[in-house]
Amino acid sequence: GLMVAYNDKKTFLCSRKYGGEITASIKPYSVVMTFIFWLLIKPTQLLQMIDTPIRSLGIIVCLIASAYSLMLINKSKISKEAFFELLPALLLSVLIDANNKITTTYGASTDLISAIFYYCMMTAFFSGLPNIVTFVRKNDWHEIFIPKYIVGGFVVIFFSITSNIFKNSAMYYAQNPAYVGAVIAMYPIWIIIWNIFYYKFRKSEQYPRCNFVGIGILLLSVVLLILLQ
């Protein structure tokens, strides 16, 4: 939970300092790093991949393609300063995903739902501590009762619970946590779908451009990765 809190803080600060697009361009590196790290701590899977070289090569190509597609979509130039500032968060992402996979798999030996519940509860508790401390220091308790914050809070809670159930279930069933990271990396597609409806609803002609080549590579690589794994 503390690792998650620090990782989120570094990511948000980097987004504020260098922009969300640069941060989103650096994040895909963690998928490849997680894939390698998991094979190092689970060498039996490395032996299995050696036994099926064609399938394994396809998985590696899909992972690299998914990371490359995000770099095509996010065209902002990555500076050395931005990369090294976000590097601690990248390394922590690897440890967080590996820990997520190990903990969920271990707990699911008795009950997967309970494993997901306790993992999310403990992570939320410890990652939420820094936020609670900051909130108490500001002494803005009246903000809790503002209607738009109440509604927004419940929306965030609902999606957090839903996404954590799906993510932790995926961590249990996936052979490598990097595969889950690759699926999560499909966020540009959901943003584009949202924008289509959003700008159509507003009847606005100002629609943000997107790299359809990158989107196509991302979608194809993730679908193939799911089938191969």
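In what follows, residues are counted from 1 in the order of the sequence shown.
The nearest pair of heavy atoms linking L86 to C14 is CD1-CB, 3.8 Å. Taking each heavy atom of L218 and S66 in turn, the nearest pair found is CD1-O, 4.0 Å. The two atoms that bring L228 and G58 nearest to each other are CD1-C, 3.6 Å, heavy atoms only. Closest of all the heavy-atom pairs between Q229 and R55 is O-NH2, 3.6 Å. For the pair G107 and A115, the tightest heavy-atom approach, listed with the atom from each and the gap, is C-CB, 3.5 Å. Nearest heavy-atom pair across M33 and V94 is CB-CG2, 3.6 Å.
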Please determine whether side-chain contact (heavy atoms from CB on, under 4.5 Å) holds for the pair N176 and K42, giving the CA-CA distance in whole Å, both sets of side-chain angles, and the decisive distance to 0.1 Å. CA-CA 9 Å; N176 192 306; K42 292 286 183 180; over 6 Å; no

Mind running side-chain contact (heavy atoms from CB on, under 4.5 Å) on F117 and M121 for me, showing each step along the way? CA-CA 6 Å; F117 172 76; M121 183 180 71; 4.0 Å; yes

Walk me through whether S127 and L2 qualify under side-chain contact (heavy atoms from CB on, under 4.5 Å). CA-CA 5 Å; S127 64; L2 295 174; over 6 Å; no

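Atoms OG1 and CG, on T104 and N168 in that order, are 4.5 Å from each other to the nearest 0.5 Å. Going from atom CZ of F166 over to atom CD1 of I161 covers 12.5 Å, rounded to the nearest 0.5 Å. Interatomic distance, CD1 of I59 versus CD1 of I226, reported as 12.0 Å (0.5 Å rounding). Atom CD1 of I41 and atom CD1 of I36 lie 13.0 Å apart (nearest 0.5 Å). Between the CG atom of D8 and the CE atom of M3 there is a distance of 12.0 Å, given to the nearest 0.5 Å. Interatomic distance, CG of L92 versus CG of L87, reported as 10.0 Å (0.5 Å rounding).
Looking at heavy atoms from C-beta onward, L112 lies in side-chain contact with Y173 at the 4.5 angstrom threshold. Side chains of L95 and F37 form a contact here, defined as non-hydrogen atoms less than 4.5 Å apart. Taking 4.5 Å as the limit, every side-chain heavy atom of K101 sits out of range of all side-chain heavy atoms of D97. Two residues are said to be in side-chain contact when any heavy atoms from C-beta on lie closer than 4.5 Å; V31 and I184 fail this criterion. Contact of the F126 side chain with the M122 side chain is registered, since non-hydrogen atoms from C-beta on lie closer than 4.5 Å. Considering only heavy atoms from C-beta on, V183 stays 4.5 Å or farther from L225 through its side chain. Using a 4.5 Å heavy-atom cutoff, the side chains of I102 and M171 are not in contact. Using a 4.5 Å cut-off on side-chain heavy atoms (C-beta onward), Y179 and L63 make contact.
Side-chain contact annotation: N164 with S160, donor-acceptor N/O pair under 3.5 Å absent. S93 and N7 share a side-chain donor-acceptor pair at under 3.5 Å.
In this structure, F35 places its CZ atom where more than 12 heavy-atom neighbours from other residues, nucleotides or ligands lie under 6.0 Å away. Residue-environment remark: OH (Y187) exceeds the threshold of 12 foreign heavy atoms within 6.0 Å. More than 12 non-hydrogen atoms from other residues, nucleotides or ligands lie less than 6.0 angstrom from CD1 of I50.
Cluster membership for Y68 and V213, using ILVMFWY side-chain heavy atoms within less than 4.5 angstrom, is shared. At a threshold of 4.5 Å between side-chain heavy atoms, the hydrophobic network of Ile, Leu, Val, Met, Phe, Trp and Tyr places F159 and Y149 in two separate groups. Both I64 and M49 are members of a single hydrophobic cluster when ILVMFWY side chains are connected at heavy-atom separations under 4.5 Å. Each of L224 and M186 belongs to its own hydrophobic cluster when Ile, Leu, Val, Met, Phe, Trp and Tyr are linked at side-chain heavy-atom distances under 4.5 angstrom. Under the 4.5 Å side-chain contact rule for hydrophobic residues, V32 and Y29 do not share a cluster.
Shown here are the side chain to side chain donor-acceptor pair (under 3.5 Å) partners of Q45, two or more places apart in sequence or in another chain: W38.
A donor-acceptor contact shorter than 3.5 Å is absent between the side chain of T34 and the backbone of A178. Side-chain N or O atoms of S114 include none that pairs as donor or acceptor with a backbone N or O of T110 at under 3.5 Å. Distance alone, capped at 3.5 Å, places no donor-acceptor pair between the K17 side chain and the F12 backbone.
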